[in-house]
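Report on one structure; see the data block that follows.
Sequential numbering from 1 along the given sequence is applied to the chain's residues. Values below: every heavy atom of this structure, side chains too, minus hydrogens, waters and symmetry copies. First listed ligand is number 1; within each ligand, the first listed atom is number 1.
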Amino acid sequence: MKMIDFNRRKFLITGAAVLGAAGVVAGVGWWYRARRAPHAGMETGAAAFPNALRLPGTSGVLGVMDVAAPFTMLAKPVQHAILEGKPAPVLAYQVEQDGKTWVNPVFRVRTGATLQAKLSNALDENTIIHWHGLKVDARNDAHPLYEIGAGTAYDYQFPVPNRAGTYWYHPHPDKLTSKQAYLGLAGFFIVEDDEELALQKALDLKLGATDIPLVIQDKKFDEQGRLLYAPNEEEKVNGYIGDTVLVNLTPRPHFNAATRIYRFRILNGSNARIYRLGFAQGGRPLEYQVIGTDGGLLDRPYPVKEAFLAPGERLDVLLDLRAAAVGDAVMLQSLAFDPMHAEGSMAGMAMDHGAMGGMDHGAQPGMLADGAAIDLLRINVASKAAYEPRVPPKLSTLAPVKSAVAKAREFVLDLKDRRWRINGEVFEMNKTPVTVQRGVNEIWEVRNDKASMPHPMHLHGVPFRVLGRSGSPQQLKSVIVNEQGLTATDLGWKDTVLVWPGETVRLAVDFSHPYPGDQIYLFHCHNLEHEDQGMMINIKVQA
Ligand SMILES: [Cu+2]
């Protein structure tokens with residue numbers, strides 16, 4: 001298995017290198033092979049999805065925990081059988097309160113509430129928690145400057161000013177984020193406000209039953225069911241791709257539904273894999289409504305048939321099963337796409353003709369290529385429901401984007417000597433190449449090199465709006481929803497935005513905040529191998 005993987009990666013790099021400037025062509029070729037991959041649209045029958053999707057209960061793994069009193073999060077290895085009958089060590093956040101235990105809890109909190117938590121590090125290395133998407137000061141945001149050693153603890157205390165939305169938390173220590181997140185450390189952080197509660201009431205939604213957080217993660221396992229994390233040099237450049245896709249830590253999952261509306265809060269918690277999400281019934285794509293993104297509800301529902309979701313991003317969707325009949329099945333899928341690995345053409349790597357022999361053999365058995373079609377979750381329509389509600393035509397009011405006075409600030413993404421760079425640099429802990437003034441609205445222009453791969457760029461502490469995309473690849477055309485070239489995933493308040501090769505993405509960032517003193521935040525790629533390899537830059541917000 002390891003051999004196979006090595007050969008495939010080797011091909012991916014050398015294939016692109018051989019084709020030189022036509023690196024994009026190599027990407028397309030890869031896509032066609034991916035479509036022929038054995039997993040692509042493999043078996044969609046009930047027998048192929050034997051495992052009940054893990055749903056958030058009131059405790060245990062992914063249990064919902066209402067944040068009220070202070071609590072302690074113990075980061076530690078635990079035994080957990082992701083694969084049936086194969087208990088194996090994973091890393092987890094464990095919380096104990098009122099006689100109950102949660103593992104990677106789904107935190108639920110009201111806007112304006114204060115979170116008081118102690119991180120206790122029972123790992124054998126440094127760690128720190130980043131509250132992804134929350135508006136907090138630098139100390140609570142957990143820049144790796146604040147990482148703590150094994151056996152020590154860190155106190156968080158901050159009000160949650162965010163509007164309602166699906167946020168999350170995960171580790172952020174220097175150069176260890178990818179490994180720790182991959183081995184299990186991650187969870188949802190759901191914020192609610194009056195508007196959100198009104199929507200739940202209008203659509204009769206209940207968290208864990210009809211309002212379901214779904215975290216999608218691709219993993220590799222060994223024979224004993226242990227998670228394998230050992231990226232080789234190619235995988236550090238490409239990102240670490242798994243061959244088993246889990247939804248809520250469940251492989252090959254099914255969910256028994258009734259004929260009503262369901263809400264899915266989808267988080268791409270994978271290290272590097274992008275998904276092109278669609279629902280289908282009998283191979284026919286179903287329309288669904290995008291109602292929210294990273295930073296909460298949109299102004300209205302946006303009907304789509306597919307949407308890209310990159311690592312770190314969230315998509316809040318409604319699926320209407322009222323037209324379905326009992327006995328029907330609806331698949332949540334990732335559709336095949338060109339992963340656009342065009343980076344090899346500029347990577348300056350030596351050609352290896354020996355590896356080309358494997359080129360025509362396509363994806364190897366057991367591998368799940370980047371961009372391959374994947375059946376993620378089988379939704380069995382199992383019962384009839386009397387369900388009257390209609391989706392409200394208006395969901396929320398988004399504050400208008402403030403116009404910026406300054407000229408755009410540029411961020412250029414490229415690859416040199418096998419390291420991904422932002423503005424020609426790789427991360428240095430104590431260097432702050434970017435200083436912005438607190439209170440200023442800036443326009444950011446993020447430009448990705450043509451000979452590159454897609455980078456999901458994440459900004460800490462400060463949410464932004466996506467203003468426009470240009471130079472987008474052809475495959476984005478079918479998902480663009482407005483004249484600015486945005487996709488449904490780009491709408492509303494964002495903290496992570498996907499930038500495809502050759503694209504320029506314009507952002508509006510509002511740097512006003514209430515915290516005294518200078519704040520050091522981060523702007524980085526959420527392909528976690530890229531992040532750990534230094535595709536990250538300090539952003540100083542000067543008081
Ligand atoms: Cu990246």
Side-chain angles (χ1 to χ4, degrees), residues 9 12-13 16 23-24 27 30 130 132 144 170 172 174-179 181-182 217-218 231-242 268-275 294 308-313 337-347 370-371 410-428 433 444-460 464 466 469 471-473 476 489-490 494-505 507 522-539:
R9 281 296 173 208
L12 185 60
I13 302 296
V24 175
W30 183 245
H130 168 55
H132 185 124
H170 60 77
H172 218 296
D174 190 36
K175 298 182 179 68
L176 294 170
T177 296
S178 53
K179 183 183 80 172
Y182 186 90
Q217 295 162 307
D218 61 330
N232 59 31
E233 289 309 306
E234 278 71 29
E235 287 165 327
K236 286 177 185 168
V237 177
N238 287 283
Y240 197 65
I241 295 289
N268 184 343
S270 306
N271 275 32
R273 189 186 285 273
I274 295 166
Y275 302 94
D294 298 351
F308 284 101
L309 196 67
E313 288 185 307
F337 64 96
D338 177 0
M340 297 192 77
H341 285 278
E343 68 276 12
S345 57
M346 294 292 281
D370 202 358
E410 280 198 345
F411 293 89
V412 177
L413 316 178
D414 69 359
L415 182 70
K416 187 165 186 243
D417 301 330
R418 316 195 62 177
R419 299 288 291 273
W420 292 105
R421 312 185 302 179
I422 302 175
N423 288 347
E425 297 191 53
V426 294
F427 184 63
E428 280 185 53
W444 284 14
E445 254 181 34
V446 187
R447 279 200 282 124
N448 195 355
D449 195 19
K450 267 199 166 63
S452 184
M453 61 177 281
H455 298 290
M457 300 303 295
H458 171 50
L459 178 60
H460 283 218
F464 57 82
V466 185
R469 289 180 179 273
S472 302
L476 236 58
T489 315
D490 297 327
K494 293 286 290 175
D495 53 60
T496 307
V497 64
L498 182 56
V499 189
W500 293 87
E503 260 193 328
T504 297
V505 176
L507 312 175
L522 288 165
F523 184 49
H524 69 83
C525 183
H526 220 283
N527 177 315
L528 296 182
E529 283 69 39
H530 293 184
E531 173 187 334
D532 279 353
Q533 289 289 300
M535 195 178 188
M536 183 154 78
I537 189 169
N538 279 323
I539 309 288

Inset, instruction - May I ask you to decide whether R418 forms a salt bridge with E234, counting only side-chain N to carboxylate O separations under 4.0 Å? - result: yes
Legend entry - Atoms of protein origin (N, O or S) under 2.8 Å from the Cu ion (ligand 1): H455 ND1, C525 SG, H530 ND1
Inset, instruction - Could you tell me whether the side chains of E529 and N271 share a donor-acceptor contact shorter than 3.5 Å? - result: yes
Inset, instruction - Sort out for me which residue in H455, H460, H132, H130 forms a ring-ring contact (aromatic ring centres under 6.0 Å, His included) with H524. - result: H460
Inset, instruction - Determine, step by step, whether V237 and W420 satisfy the side chain to side chain contact (heavy atoms under 4.5 Å, CB included) criterion, reporting the C-alpha distance in whole Å, the side-chain angles of both residues, the deciding distance to 0.1 Å, and the verdict. - result: CA-CA 8 Å; V237 177; W420 292 105; 3.9 Å; yes
Inset, instruction - Could you please spell out the steps behind the side chain to side chain contact (heavy atoms under 4.5 Å, CB included) verdict for D449 and L415? - result: CA-CA 8 Å; D449 195 19; L415 182 70; over 6 Å; no
Inset, instruction - Please confirm whether the backbone N or O of P144 pairs with a side-chain atom of D174, one donor and one acceptor, at under 3.5 Å? - result: no
